[in-house]
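Inspection log for the structure reproduced underneath, given as structure tokens.
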Amino acid sequence: MVSYIIRRLLTLIPMLLIMTFLIFLGLEMTPGDAVSFLAGPEAMANMTQEQLAALRESMGLNDSFLVRYFRWLGNMCKGDFGYSLTSGVPIKTIIAERLPATLELSLAALLISTILGTILGLLIWMKRDQPVDRILTVAGMVGVSIPEFFFGLVFLLVFSINLGWFPVGGRLRPEYTVYWDHMKNLFLPSIVLGLSMTAGVMRYTRSSMLDTINKDYVKTARSKGLPEWRINLLHGFRVALAPVVVLVGFRLPMLIGGSVVIEQIFQWPGIGNEFLQAVRSQNYPLVMMIALLSVFMVLLASFLIDIITALLDPRVQLD
């Protein structure tokens with residue numbers, strides 16, 4: 001197990017380097033640069049070519065692509081992520097302030113969808129080919145089809161504006177003195193974000209249980225006279241969780257990068273909201289770091305999924 005973990009960690013390094021190169025290359029191909037954003041079109045129209053060239057030289061923009069890439073990569077390795085072009089604040093400070101809010105929202109949505117989806121998946125498996133199975137299957141299809149922003153607007157209108165049960169938006173307020181005070185702010189966005197995942201987890205759980213329960217090792221356990229609950233729980237459900245874990249594990253980095261809409265609707269001060277503003281303002285250093293953070297989360301999720309899958313399914317060989 002230890003040797004497998006070390007090998008998997010070592011494979012992350014070249015993959016992460018490749019992704020940094022692709023991210024830097026992609027932003028290099030976009031129109032405009034830091035000078036065009038900082039100076040603005042009116043100021044650039046009044047500047048001579050020599051002044052623009054001198055400004056680009058002072059910012060290192062006249063260097064070749066590879067020189068700028070390795071300079072950026074070297075600074076990152078030293079912990080220098082650069083500065084935001086709009087505010088001048090260090091990027092690592094922005095990420096340190098915004099990332100906890102997104103992680104909190106994503107983990108809450110992941111927890112809700114995993115528990116609810118697994119329970120409903122087991123329910124429709126036990127009630128397969130019955131009305132409950134058909135009703136929940138249709139509900140799952142509807143949940144997948146309707147976009148998140150629709151649920152977000154409906155929940156905001158009903159529970160915040162009409163009923164007044166929850167705050168309209170935001171995360172923290174001056175009157176909040178302890179951590180748990182802002183749970184009512186977290187409830188609606190996490191529910192809306194988790195609903196889009198619940199249907200997928202539910203369908204995966206049902207399909208995986210149907211596939212696992214007919215395996216030979218389950219039939220062997222049943223022929224030995226083991227209790228049915230033990231067969232379903234230890235021999236069936238444990239192995240059936242493997243594909244569900246893969247689905248849930250890869251949803252976390254997707255949630256971190258894809259919670260932009262929900263953060264906008266509920267004014268949640270997370271990294272997705274910051275990423276959208278950075279794209280709009282052509283804040284390239286911040287865009288690159290947030291994109292790289294999302295890539296790192298995907299690679300980390302892939303690593304953790306491999307480990308957890310091996311622990312859940314004894315048939316997986318680590319050597």
Side-chain angles (χ1 to χ4, degrees), residues 1-30 64-82 91-92 94-96 98-100 102-104 106-107 109-111 113-114 197 200-201 204-205 207-208 211-212 238-260 270-272 275 278 284-319:
M1 172 67 80
V2 176
S3 61
Y4 175 77
I5 293 176
I6 294 175
R7 289 199 307 270
R8 289 289 289 113
L9 285 174
L10 291 177
T11 58
L12 295 181
I13 298 176
M15 296 174 64
L16 193 58
L17 288 175
I18 293 173
M19 294 309 301
T20 60
F21 181 82
L22 293 177
I23 291 172
F24 197 89
L25 177 62
L27 289 175
E28 176 71 13
M29 298 173 65
T30 57
S64 65
F65 168 77
L66 289 179
V67 170
R68 286 183 285 112
Y69 166 71
F70 282 111
R71 183 193 300 134
W72 174 66
L73 187 61
N75 290 335
M76 280 201 309
C77 293
K78 293 185 293 186
D80 182 8
F81 298 158
I91 292 177
K92 60 182 178 182
I94 297 175
I95 293 178
R98 297 282 186 165
L99 186 58
T102 296
L103 286 176
E104 182 182 60
S106 301
L107 290 174
L110 195 69
L111 183 64
S113 61
T114 302
M197 294 175 52
V201 175
Y204 262 73
T205 302
S207 300
S208 185
D211 179 66
T212 304
R238 177 188 172 187
V239 178
L241 272 180
V244 178
V245 168
V246 173
L247 174 68
V248 172
F250 278 114
R251 285 293 179 88
L252 178 58
M254 291 174 61
L255 282 173
I256 293 176
S259 59
V260 179
I271 206 73
F275 180 75
Y284 295 143
L286 184 55
V287 171
M288 285 193 294
M289 285 310 306
I290 295 178
L292 184 59
L293 176 64
S294 299
V295 169
F296 175 75
M297 293 299 298
V298 172
L299 295 177
L300 181 62
S302 176
F303 166 74
L304 294 177
I305 286 169
D306 289 342
I307 302 300
I308 296 175
T309 301
L311 295 175
L312 289 175
D313 192 344
R315 298 172 299 173
V316 176
Q317 299 296 325
L318 299 181
D319 298 328

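Values in this document were obtained by computation on a predicted structure and should not be read as measured data.
You'll find the side chain of Phe275 stays beyond 4.5 Å of the side chain of Arg98, heavy atoms only. With a 4.5 Å cut-off on side-chain heavy atoms, Met289 and Lys92 do not count as touching.
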Pair Leu293-Leu99, side chain to side chain contact (heavy atoms under 4.5 Å, CB included): steps then yes or no: CA-CA 10 Å; Leu293 176 64; Leu99 186 58; 3.8 Å; yes

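For Thr20 (side chain) and Leu17 (main-chain N/O), a donor-acceptor pair under 3.5 Å exists by modelled atom type. Looking only at distances, a side-chain donor or acceptor of Ser113 sits under 3.5 Å from a matching main-chain atom of Leu110.
Note: Ile13 CD1 to Ile18 CD1 = 12.5 Å, rounded to the nearest 0.5 Å. Summarising the geometry, atom CG belonging to Leu286 is positioned 5.0 Å from atom CD1 belonging to Ile94; distances are rounded to the nearest 0.5 Å. For the atom pair CE of Met288 and CE of Met76, the computed distance is 8.5 Å after rounding to the nearest 0.5 Å. Here the CD1 atom belonging to Ile95 is positioned 11.0 Å from the OG1 atom belonging to Thr102, to the nearest 0.5 angstrom. Atom CG of Leu12 sits about 7.5 Å away from atom CG of Leu300, to the nearest 0.5 Å. Interatomic distance, Leu292 CG to Met297 CE, rounded to the nearest 0.5 Å: 12.0 Å.
With sequence neighbours left out, the ring-ring contact (aromatic ring centres under 6.0 Å, His included) criterion links Phe21 to Phe65, Tyr69. Taking Phe81 as the reference, nothing meets the ring-ring contact (aromatic ring centres under 6.0 Å, His included) condition, with sequence neighbours excluded. Every residue meeting the side chain to side chain contact (heavy atoms under 4.5 Å, CB included) condition with Asp80, not counting sequence neighbours, appears here in chain and number order: Asn75. Met19 pairs by the side chain to side chain contact (heavy atoms under 4.5 Å, CB included) definition with Leu22, Val295, not counting sequence neighbours.
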